**Q** 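My questions all concern the structure below.
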Protein chains: 2
Amino acid sequence: MPERAYAAGVDLGGTKILAHVFDPDEPSRRLAEVRCDTPRGGEQIASAIVGVVEAAAGQLDEQGLGPVTAVGVGAAGLVDAHGSLRYAPNLPGVIEFPLRHTLATRLGVDVVVENDATAATWAEFQVGAAQGCRDMVLVTLGTGIGAGIVAGGVLQRGANGFAGELGHMLVDPAGPPCPCGRRGCWERMASGSGLGRLARDAAHAGRADHLVALAGGDPDAVRGEHVGDAAAVGDPDGVRILGDFAWWVAVGIANVVNMVDPEVVVVGGGLSGIGELLLSPVRSHFDGLVMATEHRRPVRIVRAELGPEAGSVGAWLLATDHVAESARRVGGAAE
Amino acid sequence: MPERAYAAGVDLGGTKILAHVFDPDEPSRRLAEVRCDTPRGGEQIASAIVGVVEAAAGQLDEQGLGPVTAVGVGAAGLVDAHGSLRYAPNLPGVIEFPLRHTLATRLGVDVVVENDATAATWAEFQVGAAQGCRDMVLVTLGTGIGAGIVAGGVLQRGANGFAGELGHMLVDPAGPPCPCGRRGCWERMASGSGLGRLARDAAHAGRADHLVALAGGDPDAVRGEHVGDAAAVGDPDGVRILGDFAWWVAVGIANVVNMVDPEVVVVGGGLSGIGELLLSPVRSHFDGLVMATEHRRPVRIVRAELGPEAGSVGAWLLATDHVAESARRVGGAAE
């Protein structure tokens, strides 16, 4: 009987690279884990990924387990259908870089590269908060906004592999400028920096004394996390700001629900740590913002289950799917 | 050899019901056409559809052709996965009406019911402006906005059958109120009534003299169609207003492109009759509004090809697909 082969999942983020191998028979069982800092530049990143994958393979070997024969990567940036990073503002020095091709050549195994939020979406769909449904959306609210869509059980990639870029939908023509060069993008309003902006506006208006105290007395030092902390101890200003912020979160969720009509919207990213204090007002605002609330089954808006590992879990699942698909194709050809 | 069977396609609009039968071997060849006014009320509408389908079957019979064994309906409203009309503000007296079930019982044939824009999307994808691509969006700009999405060659329906309701995405929190009860919906800004509103604002500001003249001298009588007429004869005010309006059209198109990443966006509906005078500024604005323009293949924004018949053509195609699918299932079971 041939030795069992494994897939590795890699999350390529702006600051860290994280590699995981899970047990295909029991995905919650972690067999290997390696991380390193993200270097600057495409070739350097490819070398770092080769390093973490080889280290993960070494951990398998120590346990007497088989080799890594497929690698999935979830990368922070726009990834095209060939697995090339076309545009990655959070990965300095990387633009138009053929990541899949470079890794496949250097590792000599099958490599799948997807956008990190796309990979995380697949993870929440397969083994996370959206298990058992067929139509779902993941929205990750962090420094920026990432998102992915599963429709009819199919992970949506779009014509270029760029589907799910919800953060840059325009929701306010009078909104603040966005680093993307446009104005009023949802990401400006509903990410951690959007929350910080709302909080500083309140602080300067004298309506957030507890937040200013948390920030050491300087209204300009107020950050999004101070709002969550203040709301958690029942500060009315914190609760009110979180409610205002939840309206903006709900606007974007309602827009995507009107567009793709999912059963479940999974909210992940750092801000999902605020939990029900955020999700509860998001749900209330959402009911007033989505079309025909009273004629559709209620859309569940739930917290992500996989936390910061969703990207590497999703990348691992995509590589595992790829191996199974290849095996089916080879099996089919041999019949 | 058994007699050949046919499918009928029915477009159920707010004012007219239109039934078509096409030649399955040559879809551009029309075999039957019947129309009537849309009555008030669900049962009355069902009776009217039975009437037009029976009349169309009569036209086939006169030509010595076989019976109608499947009916597709594209209906103006939210249609759920069971073919029930859940909400149809443009069909007075219709709410929560089981249209598919009623028609199937009364006609004794297979019936498929979809949203009219969803049906039109399938028509433009299969035999219209988006033939040969796999990822496309149809946007119809008329009194309101309808839309549909094909992703990876699959018509998107969503969990409730409500996918593609782009008209009610919020694009301006300070925008005008919408009959849907919300504010700043894309439909308020980028439909015919949105164009009329922009034109009347310009008229009252004394910046649309030619339009006011076209409207008989009353600024409040200026309508969207006056803008197209004025721009067509080179009136600079008309061209400028159309350019401002095109920005709003492009905002919604950019939002949906960021979300689903299609190759082609097909623009239909009454306003598409303005042609390049509208589409050309839409394309210019779009390039500045969509994310990462320079890193994606250009998205083609083109005019719909099927005109006001897109709904009935699409309904006919969906019924034809349904018959073929049933035959495959029966064939498969018999093997």
Side-chain angles (χ1 to χ4, degrees), chain A residues 77-78 80 86-87 89 95-96 133-137 147 149 151-152 154 156-175 180-182 184-186 189 247-248 251-252 254-264 288-292 294-297 299, chain B residues 78 80 85-87 89 95-96 133-137 147 149 151-152 154 156-175 180-182 184-186 189 247-248 251-252 254-264 288-292 294-297 299:
Chain A
L78 290 179
D80 73 14
R86 302 300 300 270
Y87 177 61
I95 199 154
E96 304 288 352
C133 79
R134 288 179 54 78
D135 297 272
M136 60 82 72
V137 171
I149 300 166
V154 179
Q156 299 297 303
R157 293 177 167 96
N160 299 287
F162 298 174
E165 290 297 331
L166 307 191
H168 295 280
M169 80 177 135
L170 185 151
V171 293
D172 186 2
C180 76
R182 290 165 288 271
C185 294
W186 188 40
M189 321 304 288
W247 187 83
W248 284 109
V251 161
N255 280 1
V256 67
V257 168
N258 281 337
M259 216 169 280
V260 301
D261 183 23
E263 297 160 70
V264 179
L289 286 163
V290 74
M291 197 197 174
E294 62 282 23
H295 301 286
R296 62 169 82 222
R297 282 175 292 161
V299 179
Chain B
L78 290 179
D80 73 13
L85 268 164
R86 302 300 300 271
Y87 177 61
I95 199 153
E96 303 289 352
C133 79
R134 288 179 53 78
D135 298 271
M136 58 83 70
V137 171
I149 301 166
V154 179
Q156 299 297 304
R157 294 178 166 95
N160 299 286
F162 298 174
E165 289 296 331
L166 307 192
H168 295 281
M169 80 176 134
L170 185 150
V171 293
D172 186 3
C180 77
R182 288 165 290 271
C185 294
W186 187 41
M189 320 305 288
W247 187 83
W248 284 110
V251 160
N255 280 1
V256 66
V257 167
N258 282 336
M259 217 169 278
V260 301
D261 183 23
E263 297 161 68
V264 179
L289 286 162
V290 74
M291 197 197 173
E294 62 281 24
H295 301 286
R296 62 168 83 223
R297 282 175 292 161
V299 178

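Since we're looking at a predicted model, the values are computed, not measured. Reminder, nothing fancy here: chain letters follow the sequence lines and each chain counts from 1.
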**Q** With a 4.5 angstrom heavy-atom cut-off, which part of A/Ala254 approaches chain B: side chain, backbone, both or neither?
**A** neither
**Q** Could you measure the distance from the OH atom of B/Tyr87 to the CD atom of A/Glu294? Nearest 0.5 Å is fine.
**A**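 Interatomic distance, B/Tyr87 OH to A/Glu294 CD, rounded to 0.5 Å: 6.5 Å.
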**Q** For the candidates A/Glu263, A/Arg296, A/His295, which exhibits the highest count of non-hydrogen atom pairs separated by less than 4.5 Å from chain B?
**A**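 Of the options given, most contacts go to A/His295.
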**Q** Select one option (side chain, backbone, both, neither) describing which atoms of A/Pro173 are under 4.5 Å from chain B's heavy atoms.
**A** both
**Q** Measuring heavy-atom distances to chain B, does A/Asp135 have an atom under 4.5 Å in its side chain, in its backbone, in both, or in neither?
**A**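 Just the side chain, heavy atoms under 4.5 Å.
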**Q** Using 0.5 Å steps for rounding, measure from the CD1 atom of B/Ile149 to the CD1 atom of A/Ile149.
**A** 8.0 Å
**Q** Checking B/Asn258 side chain against A/Leu166 main chain: does a donor-acceptor pair fall under 3.5 Å?
**A** no
**Q** Quick check for you: among A/His168, A/Met169, A/Met136, A/Met259, which has the greatest number of heavy-atom pairs under 4.5 Å with chain B?
**A** A/Met259
**Q** Which one wins on heavy-atom pair count under 4.5 Å against chain B: A/Arg134, A/Gln156, A/Arg157, A/Glu165?
**A**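 Option with the top pair count is A/Glu165.
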**Q** For A/Asp80, check salt bridge (Lys or Arg N to Asp or Glu O under 4.0 Å) against everything at least two apart and list the hits.
**A** A/Arg86
**Q** Hey, are the side chains of A/Phe162 and B/Met291 touching, using non-hydrogen atoms and a 4.5 Å cut-off?
**A**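 No, every pair of side-chain atoms sits at 4.5 Å or beyond.
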**Q** Within a strict 4.5 Å, meaning less than it, do heavy atoms of the B/Asp172 and A/Asp172 side chains meet?
**A** yes
**Q** Contact between B/Leu289 and A/Leu170 at the side-chain level, heavy atoms closer than 4.5 Å - yes or no?
**A**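 The answer is yes, as the side chains (C-beta and beyond) meet within the 4.5 Å cut-off.
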**Q** Hey, which of A/Leu78, A/Ile95, A/Val256 has the most heavy atom pairs under 4.5 Å with chain B?
**A**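 Top option by heavy-atom pairs under 4.5 Å: A/Val256.
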**Q** Considering only heavy atoms and a distance below 4.5 Å, find which of B/Gly252, B/Cys185, B/Gly288, B/Pro89 pairs most often with chain A.
**A** B/Gly288
**Q** Of the backbone (N, CA, C, O) and the side chain (C-beta and beyond), which part of A/Trp247 lies under 4.5 Å from a heavy atom of chain B, both, or neither?
**A** side chain
